[in-house]
Amino acid sequence: MNRRFSQLEFGDRSDKEPGKAGTGEEIRDEEYFHKQAVRYWLAGDFELALRHYSRSLEQNSSFYPGWVGQVLMLIELGEYREAAVWVDKALEMFPEHPELLAVKAVACARDGRMEKALGYSDNSIGKDNVTSAVWLARAEVLLNRRSNIADNCVSKAVSIAGEEAPMVRLRAGRLLNRQGDYAGALGYLQKAVDEFPKSALAWYELGRCQAGLGRSEARVSFEQALKLRPNWRVAEEALRKVKGRGFLRRLFGR
Amino acid sequence: MRCQRCQFENMPGESRCFKCGSVLSGQGVAVDVHPPRMDRWKGPFRAVPRWIRLRTRFGERLRVPAFLRIMSGNAALGLVLSLIPGLAQAVSGRFREVRWFVFGWLLLLPAGIFFYGSGTGYLLLGIAVGLHGWIAFRHSLMKEHAEIGQRIFDFSMLLVVFGLLYFGVRSTLLGDFMFGYTNLTIPYQNIESGDMLLARRSLSGAEDLKRGGLVQSTLRMVGRGRRVFSGGARTIVQIVGLGGEKIEITDGAYVVDGRMLDGEQYPVPEWLKGRKIGPIVVDVNSYFVNAVYNVEGRGMQLTAEMVGQACIVKSSEIESKVIMRWFPLKRRGFLKENE
């Protein structure tokens, strides 16, 4: 699991053609498609990321990061019921898997089924080898319930992330952004853009956070996101809004 | 064969991990790996209930002091809180138990008001009151009183109390508005006998009243000793003559100061038709109104004095001014002024 993101290349070389890794043709196994999926996720293209997670499972249906990724992409796309159905199927293959239980909790929380979400989150957190993804899911459920200990869960997720820390920081920043805690998200997202300078998603989220805080840098962040992924409708819309904001609205951050 | 999840070394040929139960290898096993997708048109339909779910978690969202949460379990306080349906449950964090009842109440109450005046409207309002009573009963009394007879008594008493409560709230909040049935038929204003009309008390001032306007007033008993007419209780009448004017009834029409009024706008009621009456002079601060009386005794001679006594009302006796036809539904609408 910890090796999942360790070989990703997000730097100057990250915009190479998929499948051509410099020294020759990469083997198109589940790991390869998984990496591609993560790359598309970092670009904010959740539909393509989902497709690549599916392709990774076509290579090996027992590759559980692929299942987790599929469910997360369905959640990103707002298809919460489908995500819940799909995670149930994944749980048949990987019974009581903490990460799968955690993403089910997230799907339920986003769909407004808080009691179920809390139940799945409790279940996932009680398992052995709890990963940072589980703590992040816990944080999301608790933030939805406006619990004060949600911040501790985010900190815990980052502290145990190990090699995955950059990715977890980005996820944590997005989570706090989503809940309107822009001040808390800013630190994580600034680190995330340092670590993934070619990620349109990271820049977009940083822009949202800065816009939420009423900072003028938001415009630069959105422009950077659009430079990395031209014609991204969501970022274009965000940029248009930021450009149209007057001094008072920026002052009050709304 | 090593499990990817728990790294347990399994015996060759096993399909699932002996330790954690995970699938060991998908090869050779047909598994559908393409997730179900949502049709685009479903998005908005799902968004609405989700929005409601996310915003109706009162019990979770409300920061209720612990003492109030504990006290809300008390039957008396629970009943007081239940004056607003679901509030007692929301305070004690159990709103989900009654959310569908509250939702039903929220639907039925406006629907009942909309159809007020018809049997359907009364039925819907009755069910709304019943739901309100049930929500209060569930929170406060159901657990305390286990016997069925006691429960029926409690619920019945709650229904009576809530019925009175609704009546009181209506009188307090909507005291300016009054409903009333009419037994006039006025083609010009699309009014038929038996229609329910909506009136406002605050518009009953003399300066607002014009000829042709409909007002609510209580008719008098005329000729009490001989029981010549019987007036009704409060009823809706049409203003025909203003203070200081001279009214005559001739050829089945009203004549005001020598000018004959249109029969479509000012129809003479049955009990005055075919008679020649007048002239009747209307006092200042009084109105001559078009009202339907039950006349006891056929062929009885009606004098101008008797008609004046029956049809002239003082401005202080006018309770409200009609503003719209409320029921039947297909003719609902505001009234047009005659003059």
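By convention in this document, chain letters (A, B, ...) are assigned in the order of the sequence lines, proteins followed by strands, and residues within each chain are numbered from 1. No experiment lies behind these values; they were computed from the predicted model shown.
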Participant: Given B/Pro35, which partner from the list A/Val71, A/Val85, A/Leu74, A/Val87 fulfils the side-chain contact (heavy atoms from CB on, under 4.5 Å) test?
Facilitator: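 Of the listed residues A/Val71, A/Val85, A/Leu74, A/Val87, the side-chain contact (heavy atoms from CB on, under 4.5 Å) partner of B/Pro35 is A/Leu74.
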
Participant: Nearest 0.5 Å please: distance from the CG atom of A/Asp128 over to the SG atom of B/Cys20.
Facilitator: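 Rounded to the nearest 0.5 Å, the CG-SG separation comes to 11.5 Å.
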
Participant: Check whether B/Arg46 gets within reach of chain A through its side chain, its backbone, both or neither, counting any heavy atom under 4.5 Å.
Facilitator: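 Answer is side chain: those atoms of B/Arg46 sit under 4.5 Å from chain A.
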
Participant: Does the side chain of B/Val33 come within less than 4.5 Å of A/Trp67's, by heavy atoms?
Facilitator: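 They are in contact (side-chain heavy atoms under 4.5 Å apart), so the answer is yes.
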
Participant: What distance separates A/His97 NE2 from B/Ser22 OG, expressed to the nearest 0.5 Å?
Facilitator: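 One finds 6.5 Å between NE2 of A/His97 and OG of B/Ser22.
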
Participant: Please say whether more than 12 non-hydrogen atoms of neighbouring residues, nucleotides or ligands are located less than 6.0 Å from OH in B/Tyr166.
Facilitator: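 More than 12 heavy atoms, drawn from other residues, nucleotides or ligands, come within 6.0 Å of this atom.
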
Participant: May I ask you to check whether over 12 heavy atoms, not counting those of B/Phe153, lie within 6.0 Å of atom CZ?
Facilitator: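 Not more than 12 within 6.0 Å, no.
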
Participant: Is there a side-chain contact (heavy atoms from CB on, under 4.5 Å) between A/Lys89 and B/Asp32 once you walk through the steps?
Facilitator: CA-CA 10 Å; A/Lys89 178 167 173 141; B/Asp32 180 12; 3.6 Å; yes

Participant: Select one option (side chain, backbone, both, neither) describing which atoms of A/Ala109 are under 4.5 Å from chain B's heavy atoms.
Facilitator: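 Contact with chain B is through the backbone of A/Ala109 alone.
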
Participant: Can you confirm whether A/Pro95 sits close enough to B/Arg16 that some side-chain heavy atom of one is under 4.5 Å from a side-chain heavy atom of the other?
Facilitator: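 A/Pro95 reaches B/Arg16 side chain to side chain.
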
Participant: Can you confirm whether B/Leu173 is buried at CG, in the sense that more than 12 heavy atoms of other residues, nucleotides or ligands lie under 6.0 Å from that atom?
Facilitator: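 Enclosed: over 12 neighbouring heavy atoms sit under 6.0 Å from CG of B/Leu173.
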
Participant: Show, in sequence, the C-alpha distance, side-chain angles and deciding distance for A/Tyr80 and B/Arg50, and conclude whether the side-chain contact (heavy atoms from CB on, under 4.5 Å) test is met.
Facilitator: CA-CA 10 Å; A/Tyr80 306 124; B/Arg50 185 189 309 134; 3.5 Å; yes

Participant: Counting only non-hydrogen atoms closer than 4.5 Å, does A/Leu91 touch chain B with its backbone (N, CA, C, O), its side chain (CB onward), both, or neither?
Facilitator: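 Nothing of A/Leu91, per the 4.5 Å heavy-atom cut-off to chain B.
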
Participant: May I ask you to check whether over 12 heavy atoms, not counting those of B/Leu106, lie within 6.0 Å of atom CG?
Facilitator: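 Yes, because the 6.0 Å sphere around CG of B/Leu106 holds more than 12 heavy atoms from other groups.
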
Participant: More than 12 foreign heavy atoms under 6.0 Å from CZ of B/Phe179: is that the case here?
Facilitator: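 Yes, because the 6.0 Å sphere around CZ of B/Phe179 holds more than 12 heavy atoms from other groups.
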
Participant: What do you reckon, is CD of B/Gln7 surrounded by more than 12 foreign heavy atoms closer than 6.0 Å?
Facilitator: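 Yes, the 6.0 Å shell around CD holds more than 12 heavy atoms from other groups.
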
Participant: Hey, are the side chains of B/Arg37 and A/Leu50 touching, using non-hydrogen atoms and a 4.5 Å cut-off?
Facilitator: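 A side-chain contact under 4.5 Å exists here.
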
Participant: Look at A/Gln70, A/Glu58, A/Glu96, A/Arg81 and state which one has the largest set of heavy-atom pairs under 4.5 Å with chain B.
Facilitator: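 Top count of heavy-atom pairs under 4.5 Å with chain B: A/Arg81.
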
Participant: What I'd like to find out is whether the side chain of B/Pro36 reaches to under 4.5 Å of the side chain of A/Trp86, using heavy atoms alone.
Facilitator: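 Answer yes - side chains close enough.
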
Participant: Around B/Phe8, counting heavy atoms of other residues, nucleotides and ligands shown, do more than 12 lie under 6.0 Å from its CZ?
Facilitator: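 Yes, CZ of B/Phe8 has more than 12 neighbouring heavy atoms, counting only those of other groups under 6.0 Å.
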
Participant: Using the side-chain contact (heavy atoms from CB on, under 4.5 Å) rule, take B/His34 and A/Leu57 through it: C-alpha gap first, then chi angles, then the decisive distance, then the call.
Facilitator: CA-CA 9 Å; B/His34 297 283; A/Leu57 289 177; over 6 Å; no

Participant: Looking at B/Lys42, I'd like to know if its NZ atom is crowded, meaning that more than 12 non-hydrogen atoms belonging to other residues, nucleotides or ligands lie closer than 6.0 Å.
Facilitator: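 Atom NZ in B/Lys42 is crowded, with more than 12 foreign heavy atoms closer than 6.0 Å.
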
